[in-house]
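What follows is a short report on a single structure.
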Amino acid sequence: MHRFLGAVGGVVAAGAALAVGYLVADLTGGPWPVDAVGVQVIDWAPGPVKDWAVRTLGTADRPLLRVGICSALVIVAAVAGLIGARGRRRTAVGIAGGLGLVGLVFAVFSRSSAGNLVDRLLPATVTLAVAVAAMWLVVRSPRKARRAATAQPAGFDRRRFLLTVSALAATGVVSAGATKVVGGSGNELRARVRVPRPTQAAGPLRASVDVPGISPFTTPNSKFYRVDTLLQVPRIDPRDWELRVHGLVDKELRISFDQLLERRLVERDITLTCVSNEVGGPYVGNARWIGVPIADVLREAGVRDGADAVKSTSVDGLTIGTPLAALTDGRDAIFAVAMNGEPLPFEHGFPVRMVVPGLYGYVSATKWIVDFEVTRFQDFSAYWTDRGWSVEAPIKTSARIDVPKGFATVKAGPAIAAGVAWAQHRGIRKVEVRVDNGPWQPARLAPVDGPDTWRQWTFRWDATPGTHKLTVRATDATGEIQTDRPAPPRPNGSSGLHNTVVMVE
Ligand SMILES: Nc1nc2c(c(=O)[nH]1)N[C@H]1C(S)=C(S)[C@@H](COP(=O)(O)O)O[C@H]1N2
Ligand SMILES: [Mo]
């Protein structure tokens with residue numbers, strides 16, 4: 001057999017195995033082996049690499065990681081096929097099996113959203129089986145030909161090979177298609193949940209400031225930033241969901257989704273911010289949430305003396321540590337079940353997540369939460385703090401210029417700049433803008449109902465021809481002016497002033 005064909009066969013065999021495995025992963029909710037490896041790569045990645053990935057690739061780093069792992073697989077599979085084509089069939093099949101085993105091991109040991117062990121193992125097991133069988137079929141082709149041959153020397157049965165490879169390719173394509181058709185988007189799980197009526201509704205939504213390009217007051221769910229460490233978004237069936245409340249409490253609780261909805265529900269506008277957000281960055285969004293006050297649940301469980309923290313865990317085993325005080329000091333910390341009038345989107349934590357005004361997401365906003373342990377900071381460490389981020393992280397006062405965009409061209413004359421500023425749970429009192437090195441001038445602030453959301457601001461200025469720099473700074477409601485001292489996101493949030501350079505003609 002020609003070596004090149006062997007390589008092609010190896011790649012097609014791997015592709016078929018991955019496609020079938022993907023279908024099984026989709027049906028069971030278990031980890032696709034590629035994702036099992038990917039999640040472990042994420043967990044192992046040194047902090048700076050992870051920071052870089054979040055910063056430069058944003059949400060694109062997820063597909064990219066998948067593509068990277070698959071590319072590596074394709075190369076190894078091609079080499080295996082090539083080796084098989086040169087007669088070392090056992091080695092080829094062995095390599096396929098070895099790769100499959102690696103996937104299986106990672107499926108067992110890396111974080112996964114699969115509820116039980118069977119779902120967790122099934123996709124990787126099927127992938128392994130298909131990989132071995134497919135590679136065997138591919139490299140077997142010539143041997144059959146040799147047997148069939150009588151007078152002729154052992155040769156390559158091109159027809160048989162093509163048939164095998166086509167059948168494997170068809171298997172892959174059909175599996176991929178089947179994933180689209182029968183594979184759940186999981187939408188029925190969300191459709192079954194009715195958005196509960198809050199016991200305490202928020203006021204009418206305020207009209208957004210109407211400047212083209214400004215962030216709307218409420219960020220639509222589809223535009224809401226997403227930061228997490230999973231490649232496969234968990235699709236939890238609310239009927240299977242349960243929140244375990246335990247630790248330093250008088251009474252352990254197990255709360256089903258229906259039981260959660262029977263409690264007092266509040267509706268609140270709260271702005272979330274990621275600690276990875278650079279000055280002027282996109283990882284901030286504001287939504288209208290409905291949820292159960294965490295303080296209510298804590299009161300029912302009865303917090304014991306000595307507790308100062310809560311360790312919450314998501315379905316995949318990621319942990320987040322939150323100061324107990326932020327959950328009991330009267331602010332609207334909630335177990336959220338709805339976001340902007342819909343059940344939570346899967347990407348944003350369906351069916352239940354935490355939302356705590358004033359704290360960065362990595363210390364408060366646990367998505368897909370299943371476990372809530374009242375404890376002490378000295379007794380545990382959480383996922384991100386293990387990776388060098390601060391244990392406690394209140395959100396820093398920040399302001400962002402949305403328009404004009406950097407290096408935009410602006411017409412000379414009356415011009416408008418606009419953006420958002422946030423200092424959750426303290427509130428924004430003032431936003432000021434400076435043109436070049438001129439004096440700080442007050443921007444106009446849109447009204448808000450409380451201290452937990454960002455505030456839109458607008459600023460009118462007289463644009464004169466030339467290049468100008470606009471800088472913005474906010475003052476929080478305690479009177480503290482946003483610092484101009486630049487700091488990177490690590491370890492507890494970026495600081496410094498956002499500016500934008502525009503060309504006026
Ligand atoms: N289970 C889980 N919850 C999580 C995270 C995560 O990686 N896993 N990331 C946190 C971080 S760092 C942030 S900023 C917010 C982001 O929430 P969003 O993706 O809904 O915007 O979720 C938090 N909750
Ligand atoms: Mo974050």
Side-chain angles (χ1 to χ4, degrees), residues 35 38-39 42-43 45 47 50-51 53-55 58-59 61-62 65 110-113 215 218-236 241 243 270-278 281-289 291 310-322 333-340 342-372 382-396 398 422 424 454 488-494:
D35 289 349
V39 164
I42 291 174
D43 284 4
K50 211 195 299 263
D51 297 353
V54 167
R55 218 169 34 240
T59 30
D61 57 355
R62 269 181 287 262
L65 185 53
S110 55
R111 280 184 297 116
S112 156
S113 50
S215 307
T218 302
T219 313
N221 290 351
S222 60
K223 298 267 170 63
F224 209 93
Y225 82 91
R226 173 183 165 203
V227 172
D228 56 59
T229 50
L230 280 179
L231 292 158
Q232 197 177 8
V233 177
R235 291 196 216 114
I236 301 172
W241 181 86
L243 181 66
I270 299 168
T271 299
L272 284 190
T273 310
C274 184
V275 71
S276 313
N277 198 43
E278 300 268 358
Y283 300 142
V284 51
N286 181 56
R288 177 158 278 201
W289 311 89
V310 163
K311 174 185 165 196
S312 53
T313 309
S314 61
V315 68
D316 58 307
L318 179 136
T319 52
I320 282 180
T322 310
I334 54 175
F335 292 119
V337 294
M339 180 179 186
N340 293 332
E342 286 177 31
L344 295 181
F346 290 112
E347 297 78 29
H348 298 292
F350 183 84
V352 182
R353 76 173 304 169
M354 283 171 59
V355 172
V356 181
L359 305 183
Y360 286 118
Y362 83 103
V363 289
S364 70
T366 317
K367 306 193 270 190
W368 317 291
I369 187 175
V370 295
D371 192 281
F372 189 83
Y383 183 88
W384 293 103
T385 48
D386 284 340
R387 288 160 176 78
W389 297 84
S390 299
V391 172
E392 301 212 28
I395 295 172
K396 296 180 181 174
S398 305
W422 60 90
Q424 289 93 312
W454 60 17
R490 183 178 280 269
N492 60 10
S494 63

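Just so you know, ligand 1 is whichever comes first in the structure, and atom 1 is the first atom listed for that ligand.
Only the side chain of Leu318 comes within contact range of ligand 1, with a heavy atom under 4.0 Å; no backbone atom does. Residue Tyr383 does not touch ligand 1, judged by heavy-atom distances below 4.0 Å.
Residue Cys274 has at least one heavy-atom neighbour below 4.0 Å for each of these atoms of ligand 1: 14 (S). Interface atoms of ligand 1 facing Phe224, defined by a heavy-atom separation under 4.0 Å, are 21 (O). The contact set between ligand 1 and Ser314, taken as ligand atoms under 4.0 Å from a residue heavy atom, comprises 1 (N). The Tyr362 neighbourhood of ligand 1 comprises atoms 11 (C), 12 (S), with distances under 4.0 Å to a heavy atom of that residue.
At a 3.5 angstrom cut-off on N or O pairs, Lys367 counts as close to ligand 1. Between Tyr225 and ligand 1, an N or O atom pair is found at a separation short of 3.5 Å. Ligand 1 has an N or O atom lying under 3.5 Å from an N or O atom of His348, backbone or side chain.
In this structure, the protein non-hydrogen atom closest to atom 6 (C) of ligand 1 is Asp228 CB, 3.5 Å.
Remark: Phe335 CZ to Leu243 CG distance equals 5.0 Å, nearest 0.5 Å. Between atom CG of residue Asn340 and atom OG1 of residue Thr219 there is a gap of 7.5 Å, rounded to the nearest 0.5 Å.
For Tyr383, there are no ring-ring contact (aromatic ring centres under 6.0 Å, His included) partners at least two apart in sequence or on another chain.
Side-chain contact annotation: Gln424 with Thr273, donor-acceptor N/O pair under 3.5 Å present. Between the side chains of Ser276 and Arg490, no donor-acceptor pair is found at a separation under 3.5 Å.
No heavy atom of Met354 sits closer than 4.0 Å to any atom of ligand 1.
Contact between Ala365 and Leu272 at its shortest, heavy atoms only, is CB-CD2, 4.4 Å.
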